[in-house]
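Residue numbering restarts at 1 for every chain, and letters A, B, ... go by the order of the sequence lines.
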2 protein chains.
Amino acid sequence: MPRARQRPRLVDVAEHAAVSLATASRALTGRTGVSAEVADRIRQIARELGYVANPYARTLASGATSTVGLIVHQVDDPYFSEIAAGVIQLAAEQGLLVQICQSGRDPDYELQELRHLIAQRVGIVLISGSGYDDPRMESAARAELAAFQDHGGRAAAIGRHALGVDAVLPDNEAGGYALAQHLMDLGHRRIAVAAGSAGLTTVADRLAGVSSALRQRGRSPADLTVVHSDFTRSGGRAAAEQILNEHPETTAIIALNDVMAMGVLSTLRTRRVPVPARMSVVGFDDVSVAADLAPSLTTIRLPMTEMGRTALTLALKPRTTRPRRRPTGHLLVVRDSTGPAPRT
Amino acid sequence: MPRARQRPRLVDVAEHAAVSLATASRALTGRTGVSAEVADRIRQIARELGYVANPYARTLASGATSTVGLIVHQVDDPYFSEIAAGVIQLAAEQGLLVQICQSGRDPDYELQELRHLIAQRVGIVLISGSGYDDPRMESAARAELAAFQDHGGRAAAIGRHALGVDAVLPDNEAGGYALAQHLMDLGHRRIAVAAGSAGLTTVADRLAGVSSALRQRGRSPADLTVVHSDFTRSGGRAAAEQILNEHPETTAIIALNDVMAMGVLSTLRTRRVPVPARMSVVGFDDVSVAADLAPSLTTIRLPMTEMGRTALTLALKPRTTRPRRRPTGHLLVVRDSTGPAPRT
DNA sequence: CTAGGGTACGTAAGCGCTTACGTTGCCGGT
DNA sequence: ACCGGCAACGTAAGCGCTTACGTACCCTAG
């Protein structure tokens with residue numbers, strides 16, 4: 001069957017304007033070497049014809065890509081979806097398209113997705129989610145990104161250092177510190193931490209902040225119970241179970257992110273532990289639902305959407321010799337899930 | 001400065017294997033016309049060299065794309081992020097990449113993004129989110145998609161009919177019906193609906209289900225208060241305010257999606273209206289946080305992730321003459337936000 | 001023994017752009 | 001009057017693939 005009329009090509013524009021291909025191309029890409037009037041005429045004709053350059057041909061010829069690859073752990077985790085929203089917003093403003101992949105929190109799979117994106121010749125790679133304490137885990141990704149940048153690619157990380165690329169980094173340690181302070185101010189002495197997987201830098205940093213707050217008040221780090229699980233709702237549930245069973249004296253739980261806190265609250269509800277009367281709970285990130293939980297969650301606010309935008313902004317800027325680190329603000333948001341330690 | 005070694009090209013593979021470009025291409029794309037041994041050797045060499053075909057060159061030459069464009073209203077809305085997760089999952093399994101755009105719930109902007117995706121020559125377009133009652137609103141998108149399909153593109157819609165493409169459709173009417181039934185069973189007589197923007201088919205369908213349940217019990221549709229706002233948390237807050245102020249006799253609120261229900265609950269909390277003692281609240285969708293709200297939300301469960309997968313599956317299958325419609329299941333999930341109507 | 005057909009492979013023409021390099025014409029400086 | 005230089009535009013060579021078409025060879029049927 002006769003194929004419907006195809007999209008107009010650059011030659012069509014050039015013919016209509018009675019100029020050469022080269023001139024049309026220069027006019028439409030805003031390059032120099034065309035007089036203003038001719039350029040205007042060409043652009044006008046392109047608009048009338050509904051011409052849009054074929055990005056495959058353009059990329060093939062020029063080598064410059066206009067798509068950004070974004071790697072997140074899980075798109076339906078609110079922390080990541082807010083970051084993604086920021087990236088996509090700014091990308092749209094810049095006329096860029098974003099290709100998104102999920103790593104499913106698996107470092108091997110993440111590496112595979114990273115390779116896939118690079119093989120697909122994206123121009124920019126943005127990688128979010130915690131990195132790994134073990135340098136060997138990161139080194140493959142690091143090498144991949146270095147090679148990518150050597151070939152002219154741009155990259156940035158979100159909430160992840162040690163990747164050798166520009167990064168936007170929340171002050172996880174200060175956040176952990178603030179949470180612990182807040183709980184101690186309320187009189188809590190037996191604090192437990194529901195932590196994500198051991199080996200994640202985010203976990204280590206937030207935990208370090210908590211410990212240093214305890215130390216600063218003369219408490220022994222041994223006073224702190226740390227239960228490792230993972231950064232999901234069910235991870236939070238499991239951690240809470242363990243804390244309740246093995247450390248019944250606990251009066252406050254620090255979940256190292258909000259999604260875990262949701263799981264913690266869920267378990268406390270099931271076990272009929274009143275929050276905050278019997279147990280205070282705090283989270284980290286301030287995802288948008290944190291305010292709607294039962295009870296509303298005290299947490300550290302991170303500007304996720306902004307972080308996504310900032311990361312893309314960094315990647316868009318000309319590269320510097322040394323990777324840049326852009327800190328983000330953070331803020332303790334006190335809501336209803338924390339209260340004075342119960343009297344015993 | 002001397003550019004670092006570039007990625008291997010098809011010619012490199014061909015040379016190493018001492019075959020022609022054509023043969024190498026045939027072997028790697030699994031086409032016929034190569035003996036099994038030669039094909040194996042070529043594939044083996046490609047693997048050793050770390051060869052991955054340049055998708056830009058491939059697409060330019062063959063015309064076939066391997067990227068799918070996904071349009072959602074808002075990626076950080078849990079309803080859409082769960083759909084996106086499903087699409088991305090399946091796409092990854094199929095070796096496809098997903099380009100994602102947000103329409104920001106603006107039909108004009110959505111159309112623009114649709115055009116952008118098509119201009120970018122994606123092979124598959126998936127469009128999610130409610131359509132518009134007014135046929136003129138949809139006709140431009142419809143025409144765009146028809147032209148796209150004529151050029152060999154594939155498309156599918158999620159939760160949206162009347163676009164002339166394959167669609168996966170929840171039974172919104174039956175869901176609304178079930179919610180109203182549930183509330184009437186609990187003795188509620190003064191029911192209000194916190195609806196999304198008037199003019200959305202999803203709103204109309206869910207509302208129709210509610211009305212028909214009332215009618216079936218011999219109630220007049222006039223008994224039903226409908227407040228239009230929009231499908232966001234703040235939309236839910238606004239609707240609840242209005243219901244509380246103008247219809248104080250209301251004992252149950254049907255929010256037409258969970259995100260609005262979150263806003264409704266938030267307002268009720270602020271106004272100190274006990275749920276469900278004084279007011280029952282239901283939502284629609286069963287996003288994953290619905291169970292963690294205060295109180296946990298009675299709602300209609302839709303398999304969002306599955307819907308995303310199904311839509312991509314539909315688009316991947318050979319096109320049929322008439323657009324297919326794939327229904328999805330739904331289920332009333334009763335939680336703590338609904339209870340018997342208060343005695344007066 | 002030969003014609004016909006099928007299989008395995010090579011040759012080369014694009015796909016729709018960008019861009020290095022050429023060409024033309026006009027300007028000002030001496 | 002002449003020349004160097006620059007701006008504006010054209011010519012054509014790719015970018016890295018796919019694929020229509022051509023060629024060599026082998027096998028089978030008559």
Side-chain angles (χ1 to χ4, degrees), chain A residues 3 5-43 45-46 49-67 95 118-123 151-153, chain B residues 3 5-43 45-46 49-67 118-123 151-152:
Chain A
R3 193 60 156 278
R5 206 178 69 70
Q6 295 298 327
R7 303 194 64 100
R9 293 160 307 160
L10 185 57
V11 272
D12 301 321
V13 176
E15 275 173 15
H16 279 252
V19 295
S20 73
L21 261 181
T23 305
S25 170
R26 283 190 276 255
L28 294 174
T29 52
R31 225 163 294 275
T32 166
V34 207
S35 67
E37 311 89 78
V38 175
D40 280 344
R41 185 159 49 88
I42 292 173
R43 276 191 287 265
I45 290 175
L49 259 44
Y51 171 78
V52 181
N54 181 324
Y56 292 94
R58 171 170 284 183
T59 300
L60 184 57
S62 72
T65 331
S66 67
T67 101
I118 294 176
Q120 294 290 313
R121 278 47 169 202
V122 300
H151 291 9
Chain B
R3 192 62 155 278
R5 205 178 68 72
Q6 296 297 326
R7 301 194 64 100
R9 293 160 308 160
L10 186 56
V11 272
D12 301 321
V13 176
E15 275 173 15
H16 278 251
V19 296
S20 73
L21 259 180
T23 304
S25 171
R26 282 189 277 254
L28 294 174
T29 51
R31 224 162 295 275
T32 166
V34 207
S35 67
E37 311 89 78
V38 174
D40 280 343
R41 185 158 50 89
I42 292 174
R43 275 192 288 265
I45 290 176
L49 260 44
Y51 171 78
V52 181
N54 181 324
Y56 293 94
R58 173 170 283 185
T59 300
L60 184 56
S62 71
T65 331
S66 68
T67 100
I118 294 176
Q120 294 291 313
R121 274 58 167 193
V122 300
H151 289 8

**Report entry** Pairwise distance OG1(T67(A)) to OH(Y56(B)) - rounded to 0.5 angstrom
**Finding:** 4.5 Å

Requested in this report: Output every pair passing salt bridge (charged side-chain N to carboxylate O under 4.0 Å, His left out) with a member in residues 8-35 of chain B, not counting sequence neighbours, ordered by first then second residue.
Outcome: R9(B)-D12(B)

Set out, line by line, the N/O atom pairs under 3.5 Å between protein and nucleotides 6-10 of chain D.
unit_1  : atom_1 : unit_2 : atom_2 : d
dC9(D)  : OP2    : S35(A) : N      : 2.7
dC9(D)  : OP2    : S35(A) : OG     : 3.4
dG10(D) : OP2    : S20(A) : N      : 2.8
dG10(D) : OP2    : S20(A) : OG     : 2.9
dG10(D) : OP2    : T23(A) : OG1    : 2.6
dG10(D) : N7     : R26(A) : NH2    : 2.9
dG10(D) : O6     : R26(A) : NH1    : 3.2
dG10(D) : O6     : R26(A) : NH2    : 3.3

Query - L28(A) to A46(A) - nearest heavy-atom pair and separation - result: CD2-CB, 3.9 Å

Report task. Measure the spacing between CD1 of I118(B) and CZ of R7(A) and express it to the nearest 0.5 Å. Result -> 7.5 Å

**Report entry** Minimum heavy-atom distance between A24(A) and L10(A), given as atom pair plus value
**Finding:** CB-CD1, 3.8 Å

Requested in this report: Specify the closest pair of heavy atoms between V34(A) and A27(A), including all atoms of both residues, with the distance to one decimal.
Outcome: CG2-N, 4.0 Å

Query raised in the report: Okay, side chain of R41(B), backbone of A17(B): is any donor-acceptor separation there less than 3.5 Å?
Result: yes

Requested in this report: With sequence neighbours left out, write down each residue that passes side chain to side chain donor-acceptor pair (under 3.5 Å) with D40(A), or none if nothing qualifies.
Outcome: R43(A)

Report task. Identify the two heavy atoms, one from R58(B) and one from T29(B), that lie closest to each other, and give their separation to 0.1 Å. Result -> NH2-CG2, 3.6 Å

Report task. Taking heavy atoms of chain B and a 4.0 Å limit, find me the 5'-most and 3'-most nucleotide of DNA chain C within that range. Result -> dA8(C) to dG16(C)

Query - Global bending angle along the helix from dC1(C)-dG30(D) to dT30(C)-dA1(D), which compares the axes of five pairs at either end, to 10 degrees - result: 40°

**Report entry** Heavy-atom side-chain contact between H16(A) and L49(A) under 4.5 Å
**Finding:** yes

Query raised in the report: Among residues 54-61 of chain B, which residues get a heavy atom nearer than 4.0 Å to DNA chain C?
Result: L60(B), A61(B)

Report task. Heavy atoms only: give me the nearest V122(A)-T65(A) pair and the separation to one decimal. Result -> C-OG1, 3.9 Å

Report summary line: Heavy atoms of A119(A) and P55(B) approach each other most closely as O-CD, 3.8 Å

Query raised in the report: If you look at every strand shown and take non-hydrogen atoms under 4.0 Å, does S25(B) touch a base, only sugar-phosphate, or nothing?
Result: base

